[in-house]
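Data first, discussion second: the structure below is written as structure tokens.
Positions are given from 1, in the same order as the sequence printed here.
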Amino acid sequence: MQISLSDHFTYQKLLRFVAPSILMMIITSIYSIVDGFFVSNFVGKNSFAALNLIFPVIMALAAVGFMIGTGGSALIAKTLGEGKPRKANEIFSMLVIVLAAGGAILSGVCIVFLRPISFAVGATDLTSDDCVLYGRVLLAALPFFMLQNSFQSFLATAEKPHFGLRVTVFAGLTNMVLDFLLVYVFPFGLLGAALATAFSQIVGALIPLVYFLRPNDSPLRLTRPRFDFRALGKACYNGSSEMVSNLSTSLVGVLYNVQLMIAKENGVNAYGVLMYVSFIFMAFFFGYSIAVTPVVGYHYGAKNHAELKSLLKKSLTVTLITSLAMTASSILLANPIAHLFVGYDAELCDMTVNALRIYALSFLVCGFNIFGSAFFTGLNNGTASALISFLRTLVIQVAAVLLLPKLLGINGIWLAITVAEALTLIVTETLFLLGRKKYHYA
């Protein structure tokens, strides 16, 4: 049974609607995790460090795709809710073209300057060549990666989340199979891992692109675009929180790596494992947010206040239950997770287990901030959404990363994100209270 944006969402229907987007985000996160597993175990510790140093740069650039995808889907859903399907498709087509062209420009510029960029993010003479090798291959596929990220949101808006899931599963399997062949079976090393990821991103972008170019039974189809710069600005404004969140996460990741060089490559590698666990767990919250944003946008556009109230209550309940489960499981599974990636080095493994157990506390809080930001994106309130993301991923976290190690040593670095999320939650709660009368969700 197909679920429409205009439906009333019970818990069962809500979970069925968001599940494909959650799985899409988890599988997308597996790209880097699979690369990390094969590189760490079959190429070497220094190449693993290089991958972890340069990957935040790629994700920072790809943040444009998240911005236009999430912000654009909220605008498109609102336009559909207002009964303007032709205008919605014109905006959709324009955004896809802007993403493809923008990705190509960013890719070309960064390929030229990648070596100095690598040194700027903490590479040494030991890791710089591998950073450039891995980074240039992924940069060549950047336009496809940005499109893939945006299509995750657009497919939810098109009421086709299950199709999006199938595409992402296929792309993820492509990555895993090619990693196995190009790293483990054939001795291509780090180059093989990069090629596997790049090719899977191309697959993940081309399949939805072909789908939207052909006649389909969804509300969205690529048509002759009408370049509406006001709509483009609105989409970027709506999605600025997602842009800020992903960009800030990447920038803070660079700062973590620089701070952790006090423990040399071991510190960077331990943080890399933390990020892999975080990718999987945070993927739930980001996937949920991607799916629920157009639903919020539709009912906001349709002035269905009762449904907005219901969506808010149900979403907070789901977030609470998931947060508790994630925190408990990450603490209990810290040891086997560390051994999976770095079990070949006892000192590094012990450092990673300790880091995971401290870092796990952040999962108690982060989901509420991520959902809060997405909820305001759906309401087309880019200012509130961006404020939450800017505080949690950049301002407070940077301060915590710089100050807490002076008080707690390396454990202060692992604790920094929990402090940042907890302080941001105060702002998120305040924004929810201030918006009650304006948006009528309480």
Lys84 side, atom NZ; Glu90 side, atom CD - distance, nearest 0.5 Å
12.0 Å

Could you grab the distance from atom NZ of Lys309 to atom NE2 of His299, nearest 0.5 Å is fine?
16.0 Å

Among all residues two or more places apart in sequence or in another chain, which pass the salt bridge (charged side-chain N to carboxylate O under 4.0 Å, His left out) test with Asp350?
none

Please report the shortest heavy-atom distance between Asn149 and Gly65, naming the atom on each side.
CB-C, 4.3 Å

Nearest heavy-atom neighbours spanning Pro294 and Thr157
CB-OG1, 3.6 Å

Is it true that a side-chain atom of Ser329 and a backbone atom of Met326 form a donor plus acceptor pair closer than 3.5 Å?
yes

To check you understand the geometry: which heavy-atom pair defines the closest contact between Leu53 and Cys131, and what is its length?
CB-SG, 4.1 Å

Are the side chain of Ser200 and the backbone of Asn175 linked by a donor-acceptor contact shorter than 3.5 Å?
no

Say whether Thr197 and Asp35, considering side chains only, have a donor N or O and an acceptor N or O under 3.5 Å apart.
yes

Any sub-3.5 Å donor-acceptor pair from Asp179's side-chain atoms to Phe37's backbone N or O?
no

Is there a side-chain contact (heavy atoms from CB on, under 4.5 Å) between Leu75 and Leu95 once you walk through the steps?
CA-CA 11 Å; Leu75 178 61; Leu95 295 178; 5.9 Å; no

Side chains of Tyr298 and Asn304: is there a donor and an acceptor less than 3.5 Å apart?
no

Taking Asn380 for its side chain and Gly378 for its backbone only, find out whether a donor-acceptor pair lies under 3.5 Å.
yes

Is there a donor-acceptor pair closer than 3.5 Å between any side-chain N or O of Ser385 and the backbone N or O of Ser373?
yes

Could you tell me whether the side chain of Asn52 and the main chain of Phe48 form a donor-acceptor pair under 3.5 Å?
yes

Nearest heavy-atom contact between Ile388 and Gly372 is CD1-C, 3.9 Å

For Phe432, check ring pair (Phe, Tyr, Trp, His ring centres under 6.0 Å) against everything at least two apart and list the hits.
Phe375, Phe376

Validation row, ring centre Phe212 to ring centre Phe154 under 6.0 Å
no

Nearest-0.5 Å distance that lies between atom CE in Met176 and atom CD1 in Ile33
10.5 Å

For residues Met25 and Ala283, report the shortest heavy-atom separation together with the two atoms involved.
CB-O, 3.5 Å

Any side-chain donor paired with an acceptor under 3.5 Å for Gln397 and Tyr256?
yes

Considering only heavy atoms from C-beta outward, does the side chain of His440 approach that of Leu308 to under 4.5 Å?
no

Is there a side-chain contact between Tyr441 and Leu379 in this structure, where contact means two heavy atoms from C-beta onward sitting under 4.5 Å apart?
yes

Are any non-hydrogen side-chain atoms of Leu274 and Thr352 less than 4.5 angstrom apart?
no

Please walk me through it: do Tyr288 and Thr293 pass side-chain contact (heavy atoms from CB on, under 4.5 Å)?
CA-CA 9 Å; Tyr288 185 95; Thr293 294; over 6 Å; no

Mind checking the CG-CG spacing from Leu356 to Leu332? Nearest 0.5 Å is all I need.
12.0 Å

Between Thr127 and Thr124 (side chain of the first, backbone of the second, donor and acceptor by atom type, cut-off under 3.5 Å), is there such a pair?
yes

For Thr174 versus Phe170, what's the shortest heavy-atom pair and its separation?
OG1-O, 2.8 Å

Start with the C-alpha distance between Asn381 and Thr383, add both sets of side-chain angles, then the distance that settles side-chain contact (heavy atoms from CB on, under 4.5 Å), and finish with yes or no.
CA-CA 6 Å; Asn381 186 340; Thr383 302; 3.8 Å; yes

Can you tell which of Tyr359, Phe341, Phe55, Tyr271 makes a ring-ring contact (aromatic ring centres under 6.0 Å, His included) with Tyr276?
Phe341

Close side-chain approach of Arg230 and Lys234, heavy atoms under 4.5 Å
no

Using a distance-only test with no angle check, is there a side-chain donor-acceptor pair under 3.5 angstrom linking Asp130 and Ser47?
yes

Output, in order, the C-alpha distance, side-chain angles, deciding distance and verdict of side-chain contact (heavy atoms from CB on, under 4.5 Å) for Gln152 and Ser21.
CA-CA 7 Å; Gln152 291 174 351; Ser21 294; over 6 Å; no

Taking the six-membered ring of Tyr11 as reference, does the NZ or CZ atom of Lys314 fall below 6.0 Å from its centre and within a 45° cone about the axis?
yes

Euclidean distance, Leu138 CG relative to Leu142 CG, rounded to 0.5 Å:
8.5 Å

Any heavy-atom pair between the side chains of Ile410 and Pro405 that's under 4.5 Å?
no

Value for OG (Ser218) from CD (Glu159), rounded to nearest 0.5 Å, stands at 8.0 Å

Flag, side chain of Thr322 to backbone of Thr319, donor-acceptor distance under 3.5 Å
no

Would you confirm whether Arg436, through its side chain, and Leu433, through its main-chain N or O, come within 3.5 Å as a donor-acceptor pair?
yes

Salt bridge (charged side-chain N to carboxylate O under 4.0 Å, His left out): pairs with one or both residues in residues 413-424, sequence neighbours excluded
Arg392-Glu421

Check: Leu139 and Leu61 side chains under 4.5 Å, non-hydrogen atoms
yes

Would you indicate whether the side-chain heavy atoms of His8 and Ser310 approach each other to under 4.5 Å?
yes

Would you say the side-chain atoms of Gln201 pair up with the backbone N or O of Gln148, donor to acceptor, closer than 3.5 Å?
no

Does Phe371 reach the side chain of Val292, with side-chain heavy atoms less than 4.5 Å apart?
yes

